[in-house]
Student: 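First, the structure itself, so that you have it in front of you.
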Amino acid sequence: MTGHDNSNGSTEKSSSGMDDLPTFNAENMQNNMKVILYSRTFMAIIGGVIAGILGLTSLTGFIFYFLVMAITSVALTAKAKFSIHSYFDSWNRVLLDGFFGGLMSFVLFWTFAYDIVHIF
């Protein structure tokens with residue numbers, strides 16, 4: 001993950017002398033969001049395959065998905081060394097972005113793995 005840009009100084013002062021505002025490099029922020037999207041998609045696929053192999057059905061499968069996404073969020077936060085504001089503009093980026101997008105991949109691979117292992 002890449003941090004904010006310090007090439008032009010790490011802070012900008014407003015004309016009224018307010019608090020310092022951090023500056024972010026748009027390319028670094030976009031790269032960090034791609035990392036989150038790819039990580040969540042990959043973990044959703046792996047989680048779906050594991051849920052299918054374990055034979056989870058109905059609500060237990062969806063609870064497993066939420067557990068996998070929670071672990072992914074903690075892992076991404078740990079990767080950022082628990083300094084989220086150095087890499088993202090808010091906590092919601094790490095905790096929620098890609099959460100429901102990964103759900104479709106999870107369900108697809110969950111049902112596929114379940115069918116292969118338990119039906120055929």
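Predicted model only: the values in this text are computed from it and were never measured.
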Student: Using the rule given for side chain to side chain contact (heavy atoms under 4.5 Å, CB included), can you reason through V68 versus T72, listing the C-alpha separation, both sets of side-chain angles and the distance that settles it, and then say yes or no?
Tutor: CA-CA 6 Å; V68 167; T72 304; 4.2 Å; yes
Student: Which residues satisfy the ring-ring contact (aromatic ring centres under 6.0 Å, His included) test with F64, sequence neighbours excluded?
Tutor: none
Student: According to ring-ring contact (aromatic ring centres under 6.0 Å, His included), who are the partners of F112, at least two apart in sequence or on a separate chain?
Tutor: none
Student: Is L67 reachable from F106 through a run of I, L, V, M, F, W or Y residues, each pair having side-chain heavy atoms under 4.5 Å apart?
Tutor: no
Student: Would F66 and L103 show up in the same hydrophobic cluster when neighbours are defined by side-chain heavy atoms closer than 4.5 Å?
Tutor: yes
Student: Once rounded to the nearest 0.5 Å, what's the spacing between atom CG of N32 and atom NZ of K79?
Tutor: 10.5 Å
Student: List, one per line, each side-chain donor-acceptor pair under 3.5 Å for residues 41-62, sequence neighbours excluded.
Tutor:
{"unit_1": "T41", "atom_1": "OG1", "unit_2": "L37", "atom_2": "O", "d": "2.8"}
{"unit_1": "T60", "atom_1": "OG1", "unit_2": "T57", "atom_2": "N", "d": "3.4"}
{"unit_1": "T60", "atom_1": "OG1", "unit_2": "T57", "atom_2": "O", "d": "2.6"}

Student: Please report the interatomic distance OH(Y114) to CD1(I116), rounded to the nearest 0.5 Å.
Tutor: 13.5 Å
Student: Hydrophobic clustering (ILVMFWY, side-chain heavy atoms < 4.5 Å, transitive) - are F99 and W110 grouped together?
Tutor: yes
Student: Can you name the residues that form a salt bridge (charged side-chain N to carboxylate O under 4.0 Å, His left out) with D89, not counting sequence neighbours?
Tutor: R93
Student: Go through the structure and list residues passing ring-ring contact (aromatic ring centres under 6.0 Å, His included) with F109, not counting sequence neighbours.
Tutor: none
Student: Decide side-chain hydrogen bond (donor to acceptor under 3.5 Å, both in side chains) for R40 and S73; before the verdict, give the C-alpha distance in whole Å, the side-chain angles of both, and the deciding distance to 0.1 Å.
Tutor: CA-CA 9 Å; R40 287 202 186 273; S73 295; 2.7 Å; yes
Student: Within a strict 4.5 Å, meaning less than it, do heavy atoms of the N92 and D97 side chains meet?
Tutor: no
Student: Looking only at non-hydrogen atoms, find the nearest pair between F88 and M29 and report the distance.
Tutor: CA-SD, 3.7 Å
Student: Using side-chain hydrogen bond (donor to acceptor under 3.5 Å, both in side chains) as the criterion, list what pairs up with S39, not counting sequence neighbours.
Tutor: none
Student: Starting from the C-alpha separation in whole Å, work towards a yes-or-no answer on ring-ring contact (aromatic ring centres under 6.0 Å, His included) for Y65 and F100.
Tutor: CA-CA 10 Å; Y65 173 73; F100 290 111; 8.1 Å; no
